[in-house]
Amino acid sequence: PGTEAREAITISLPPQLGEELGHGADASTPIPELMVVLAHFARYMTAVYGHTLAGLRHTGFACGVSAVHGAALLARRCCGGYSKTYVGELLREANCTKEEVLAAEIEAHPWQPAYAVFRDPAARAIVVSIRGTCVPRDVLSDAVAHPGHIHTEFDPEGDPKAVGHGGFIACAEWLHAEVLRVLQQQAPELAAGGDEAFRLVLVGHSMGGSVAAFLGLFLRRSYPNLRVFAYGPPLSVDRKTARRMESFVTTVVHQNDWAPRASLHTVVRLQKAAAEKHRARVAVIGVSQPDETEEEHARHVLDAAPRPVSGLMSGSAWNEQDSGEVPPLRPVATPDHGSDDEIDLLTPLYPPGYVVHLQHRSYWVSRLKTRRMYVVSSPAPEDLLDIKCATTAPTDHIPYTYKRVCQEVSSKLRTESSDLPSAMRVVHAHWIRTNSSEGC
């Protein structure tokens, strides 16, 4: 409520992390300014979805609206009005004109996600927005979830053994040439100096957020001052690469969102935890009933026992599961590195960059009135290696939910530097100050 309270709303880094980043234990992130920036660029994150997820703006009647909306879209597409509808919704959601849209690819293909490039005069930025999973073709990009090498051709300064989500790396490699061509031909502001210079900003939601992080890694040679804002990206990079990305990538996680906790590693961990709980229930069921025959009792126990995940486990999975251990997965050999360079399928992956966790709690202020309290924190990447089985996990991942929450938190943290240009300067100065050491 007061100025003192607003000034105290910061994220203090743990001492060990502060020492690793080279800026001491007392460094803190300017949360009010960061939320202003996140709320502003969230509109580009939702705009790139066009009309495809418009029914999910209000989750209370999302199913009914989506069904009617889908039927209308099918009719429009058959009549040739699909592109017009998409572009109209894109301009409305981004609150921009046609002249400010430099490029837009509305059709997605496997490992070729939809994207759009905007000119944002208010933020003095060129914004590249990458769409997340929206159509069945995008699912193929998600499905190639085994870790793959990050090619040194695109990231010469990186570790040759660095790994990430194979499907997202392939998407970023395709986008690298596409986006670079658009920026060189239609965005001369990025090459200008002084007051005329614009900044490159990459945004994305879900799969698009992880692809944006990889694309930012690849484009840093050409645009060293770029920034990436990823909303709800899945776990996609190894720990060392995630730490390198902290200097230019901000990952936003909302409440109990399942996607920023999802990878092959975490899914198998969830399966193991479920199997252990199921096994405990089987032990209770194992007590035979007086009226049961021995054959009926054996069938009863076998029906309740957990089954191995098909296609994931190698060897005699049934016998190995009885020992309480999830058998290791067979390593895969990446085709471009030869069979000698094998990557374990269960290599732990982490969220890209610096993580900001947005949570909200409701509390009663009277018998008939409640208020919502927001908690902004920065969890350790290891805290996101367990999938939370929460009832709100699906709705917490909706892109419009991310946009709404960022705007609400931003409005509650209004300060003197809450205008966008001032917030951009504060956040950029903080990044330069906190990430100037060689280790970051």
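- Looking only at side-chain heavy atoms (C-beta outward), Thr266 and Leu235 come within less than 4.5 Å of each other.
- Counted by atom type alone, Tyr402 and Asp396 present zero donor-acceptor pairs between their side chains at under 3.5 Å.
- Looking at heavy atoms from C-beta onward, Thr251 lies out of side-chain contact with Met245 at the 4.5 angstrom threshold.
- Under the 4.5 Å side-chain criterion, counting only non-hydrogen atoms from C-beta, Leu202 is not in contact with Tyr44.
- The shortest heavy-atom contact between Pro110 and Ser141 is C-OG, 3.9 Å.
- Val211 places none of its side-chain heavy atoms less than 4.5 Å from the side chain of Tyr115.
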_As a quick check of understanding, evaluate side-chain contact (heavy atoms from CB on, under 4.5 Å) for Thr97 and Leu91, giving each step before the final call._
CA-CA 6 Å; Thr97 62; Leu91 296 177; over 6 Å; no

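- Between Val355 and Leu384 the shortest side-chain heavy-atom distance falls below 4.5 Å.
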*Could you go through the side-chain contact (heavy atoms from CB on, under 4.5 Å) check for Leu226 and Leu219 one step at a time?*
CA-CA 8 Å; Leu226 64 81; Leu219 289 174; 3.8 Å; yes

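- Salt-bridge annotation for Glu93 and Lys403: present, with a side-chain N of the basic residue lying under 4.0 Å from a carboxylate O of the acidic one.
- In this structure, OG on Ser410 lies 9.0 Å from CG on Leu38, to the nearest 0.5 angstrom.
- Remark: Arg243 does not engage Glu246 in a salt bridge, criterion side-chain N to carboxylate O under 4.0 Å.
- To the nearest 0.5 angstrom, Ser247 atom OG is 13.5 Å from Tyr354 atom OH.
- Phe214 and Gly164 get closest at one heavy-atom pair: CZ-CA, 4.1 Å.
- For the pair Leu90 and Tyr49, the minimum side-chain heavy-atom distance is 4.5 Å or more.
- Nearest heavy-atom pair across His149 and Pro160 is ND1-O, 3.4 Å.
- Applying the salt bridge (Lys or Arg N to Asp or Glu O under 4.0 Å) rule to Glu382 yields the partners Arg239; only residues at least two apart in sequence or on another chain are considered.
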_Working note: Leu140 + Val144, criterion side-chain contact (heavy atoms from CB on, under 4.5 Å); need CA distance, chi angles, decisive distance, verdict._
CA-CA 7 Å; Leu140 294 177; Val144 185; over 6 Å; no

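- With values rounded to the nearest 0.5 angstrom, Ile150 atom CD1 is found 6.5 Å from Asp155 atom CG.
- Here the shortest heavy-atom pairing between Val228 and Gly216 reads CG2-CA, 4.1 Å.
- Atom OG1 of Thr395 and atom CG of Asp257 lie 9.0 Å apart (nearest 0.5 Å).
- Distance check: Phe229 CZ to Phe248 CZ gives 12.0 Å after rounding to the nearest 0.5 Å.
- Of the candidates His357, His360, His397, His205, His360 is the only one forming a ring-ring contact (aromatic ring centres under 6.0 Å, His included) with His254.
- Here the CZ atom belonging to Phe154 is positioned 10.5 Å from the CG atom belonging to Leu215, to the nearest 0.5 angstrom.
- Looking at Glu107 and Arg137, a side-chain N of the basic residue comes within less than 4.0 Å of a carboxylate O on the acidic one, giving a salt bridge.
- A donor-acceptor contact closer than 3.5 angstrom is absent between the side chains of Arg269 and Gln271.
- In summary, of the residues considered (Glu100, Glu99, Glu189, Gln186), a side-chain hydrogen bond (donor to acceptor under 3.5 Å, both in side chains) with Arg119 occurs for Glu189 alone.
- No side-chain heavy atom of Ile126 sits under 4.5 Å from any side-chain heavy atom of Asp120.
- Salt bridge absent: Arg261 and Asp386 never bring a charged side-chain N and a carboxylate O closer than 4.0 Å.
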Can I get a per-line list of side-chain donor-acceptor pairs under 3.5 Å for residues 167-182, giving both atom names and the distance, sequence neighbours left out?
| from | atom 1 | to | atom 2 | distance (Å) |
| --- | --- | --- | --- | --- |
| Glu173 | OE2 | His151 | NE2 | 3.3 |
| Glu178 | OE1 | Arg181 | NH2 | 3.2 |

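- Smallest separation of non-hydrogen atoms from Gly132 and Ser206: CA-CB, 4.5 Å.
- Between Pro260 and Val253, the closest heavy-atom pair is CB-CG2, 3.8 Å.
- Partners of Asp138 by salt bridge (Lys or Arg N to Asp or Glu O under 4.0 Å), not counting sequence neighbours, listed by chain and number: Arg131.
- A heavy-atom distance below 4.5 Å is found between the side chains of Val128 and Leu200.
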*asked:* Before you tell me yes or no, could you show the steps for Val203 and Ile130 under side-chain contact (heavy atoms from CB on, under 4.5 Å), namely the whole-Å CA-CA distance, both residues' side-chain angles and the distance that decides it to 0.1 Å?
replied: CA-CA 6 Å; Val203 300; Ile130 305 171; over 6 Å; no

